[in-house]
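Working notes, beginning with the structure itself.
Indexing begins at 1, ligand by ligand and atom by atom, following the structure's order. The residues of the chain are indexed from 1 along the displayed sequence.
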Amino acid sequence: MGKLEGKVAVITGGTSGMALETAKLFVEEGAYVFITGRRQEKLDEAVKAIGRNVTGVRADSANLADLDRLYEKVKSEKGHIDIVFASAGNGEVGHPIGSMSEKLVDDTLNLIVRGTLFTVQKALPLMRDGGSIILNASASHLKGYPGISVYAAAKAAVRSFARSWASELKDRKIRVNSMSPGVIDSGASAAIPKEARDFFVSQVPLGRLGVTKDIAASVLYLASDDSSYTTAIDLVVDGGLAHV
Ligand SMILES: NC(=O)c1ccc[n+]([C@@H]2O[C@H](COP(=O)([O-])OP(=O)(O)OC[C@H]3O[C@@H](n4cnc5c(N)ncnc54)[C@H](OP(=O)(O)O)[C@@H]3O)[C@@H](O)[C@H]2O)c1
């Protein structure tokens, strides 16, 4: 029997990287997953890679009409939600305060802060009491890395949401936690130059970058009854980078 047998999960930004890995693991553990992304071809590839118990919905998490369409689809196919993993996020490095554009600030806050908020708000009417919400933050909010201040600040807001919403949703026994990956070999981090990569590896106490399976296992923990006494935390999955 899987850890998520019969559960219905929504995973935003689920066509690539750690969220796709999580969707695969959730299905192996017995869940039905709805995944989102903006590009239809990536969505089709991801649905194929997951193979069963999955529906792909093209949706931009920064667009409220898209979020409404996503949840209408979930409602018509399954009628309820047990787990939300709000993972859609963007992170560009190399933008110090002196040269940050208005567009970068707006796009980052719009997707990470506003998008995460409405992803959760619009899921709530369909969520079963006792459900689990996991917000994808980032260990970048724990330190002062240069060039990513607006991203780190947006992720700090995401971490803060988990605290407030855990409190607001406690009467429904809905747990809300954030999860903060360190440097994971996926997405933007997979493209960092060798020199920067070697630097990060040298700083990580566990001596390697993270892999998507590290994150999927941690999200499964927060989604399943294994973490039934855990709410409002930030689970940092960074090989010790931010704490040692
Ligand atoms: N990689 C790291 O080292 C790292 C570290 C800490 C935190 N994180 C966070 O972890 C999450 C996933 O990162 P990743 O590196 O695994 O990502 P990734 O491989 O780049 O995948 C990003 C996914 O999100 C989708 N997406 C992007 N913008 C979206 C939007 N507006 N609406 C809906 N979907 C959207 C992408 O598909 P489309 O482009 O087709 O929409 C894709 O499926 C992000 O929130 C990121 O900030 C990453």
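- The protein heavy atom nearest to atom 10 (O) of ligand 1 is Asn136 ND2, 3.0 Å.
- Proximity to Arg39 (heavy-atom distance under 4.0 Å) selects the following atoms of ligand 1: 37 (O), 38 (P), 39 (O), 40 (O).
- Taking a cut-off of under 4.0 Å to the non-hydrogen atoms of Ser61, the atoms of ligand 1 that pass are 30 (C), 31 (N), 32 (N), 33 (C).
- Ranking the protein heavy atoms by distance from atom 25 (C) of ligand 1 puts Gly13 CA, 3.5 Å first.
- At a threshold of 4.0 Å, the pair Asp129-Arg172 counts as salt-bridged, since one of the basic side-chain nitrogens sits closer than that to a carboxylate oxygen.
- Among all protein heavy atoms, the one lying closest to atom 43 (O) of ligand 1 is Thr15 OG1, 2.5 Å.
- Placement of Val236 and Leu135 in two distinct hydrophobic clusters is found when ILVMFWY residues are connected by side-chain heavy-atom separations under 4.5 Å, directly or transitively.
- For the side chain to side chain donor-acceptor pair (under 3.5 Å) test with Asp44, the passing option among Gln40, Lys48, Lys42 is Gln40; the others fail.
- Linking ILVMFWY residues whenever their side-chain heavy atoms come closer than 4.5 Å, directly or via other members, places Ile35 and Val219 in the same cluster.
- For Lys73 and Glu77, the salt-bridge test passes: some basic side-chain N is under 4.0 Å from an acidic carboxylate O.
- Nearest-residue assignment for atom 12 (C) of ligand 1 (options Ser87, Gly14, Gly17; heavy-atom criterion): Ser87.
- Considering both main-chain and side-chain atoms, Ser189 comes within under 3.5 Å of ligand 1 through a nitrogen or oxygen pair.
- Each ring-ring contact (aromatic ring centres under 6.0 Å, His included) pair with one or both residues in residues 157-196, not counting sequence neighbours, appears once here: Phe161-Trp165.
- By the criterion of a heavy-atom distance under 4.0 Å, neither the backbone nor the side chain of Ala19 is placed next to ligand 1.
- Listed by number with element, the atoms of ligand 1 under 4.0 Å from a non-hydrogen atom of Ala59 are 32 (N), 33 (C).
- Figure legend: cation-pi geometry between Lys7 and Tyr32 absent, as NZ or CZ is not positioned both under 6.0 Å from the six-membered ring centre and within 45° of its axis.
- In summary, the atoms of ligand 1 found under 4.0 Å from a heavy atom of Gly37, numbered by their order in the structure, are 34 (N), 41 (O).
- Remark: distances from the non-hydrogen atoms of Asp60 to ligand 1 include one below 4.0 Å.
- With salt bridges taken as basic N to acidic carboxylate O contacts below 4.0 Å, none links Asp225 and Lys3.
- The heavy atom nearest to atom 1 (N) of ligand 1, out of those in Ala88, Gly187, Ser186, Ala154, is found in Ser186.
- Met127 and Leu70 fall within the same hydrophobic cluster, where Ile, Leu, Val, Met, Phe, Trp and Tyr residues are linked whenever their side-chain heavy atoms come under 4.5 Å apart, directly or through other members.
- Val93 and Leu111 are assigned to two separate hydrophobic clusters, defined by single-linkage of ILVMFWY side chains at heavy-atom distances under 4.5 Å.
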Hey, mind stepping through Arg208 and Asp185 against salt bridge (Lys or Arg N to Asp or Glu O under 4.0 Å) and telling me if it holds?
-> CA-CA 10 Å; Arg208 64 171 175 86; Asp185 214 348; over 6 Å; no

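- Listed by number with element, the atoms of ligand 1 under 4.0 Å from a non-hydrogen atom of Ser16 are 18 (P), 19 (O), 21 (O), 42 (C), 43 (O).
- Considering backbone and side-chain atoms together, Met18 places an N or O closer than 3.5 Å to an N or O of ligand 1.
- For ligand 1, the atoms sitting less than 4.0 Å from at least one non-hydrogen atom of Tyr151 are 6 (C), 7 (C), 8 (N), 9 (C), 46 (C), 47 (O), numbered in the order shown with element in parentheses.
- The closest approach between Ala190 and ligand 1 stays at or above 4.0 Å for every heavy atom of the residue.
- Among the atoms of Pro181, none of the N or O lies under 3.5 angstrom from an N or O of ligand 1.
- The single protein non-hydrogen atom nearest to atom 5 (C) of ligand 1 is Gly182 O, 3.0 Å, given as residue, atom name and distance.
- Not a single heavy atom of Ala46 sits under 4.0 Å from any atom of ligand 1.
- Comment: Asp66 engages Arg69 in a salt bridge, judged by a side-chain N to carboxylate O separation of less than 4.0 angstrom.
- Contact between Gly91 and ligand 1 is absent, with no heavy atom of the residue lying under 4.0 Å from the ligand.
- At a heavy-atom distance under 4.0 Å, only side-chain atoms of Leu111, from C-beta outward, approach ligand 1.
- Of the protein's heavy atoms, Arg38 NE, 3.4 Å lies nearest to atom 29 (C) of ligand 1.
- No hydrogens or angles considered: nothing links the side chains of Asp238 and His243 as a donor-acceptor pair under 3.5 Å.
- When atom types are taken as modelled, the side chain of Asn177 and the backbone of Thr230 share a donor-acceptor pair closer than 3.5 angstrom.
- At a 4.0 Å heavy-atom cut-off, ligand 1 touches Ala137 through the backbone alone.
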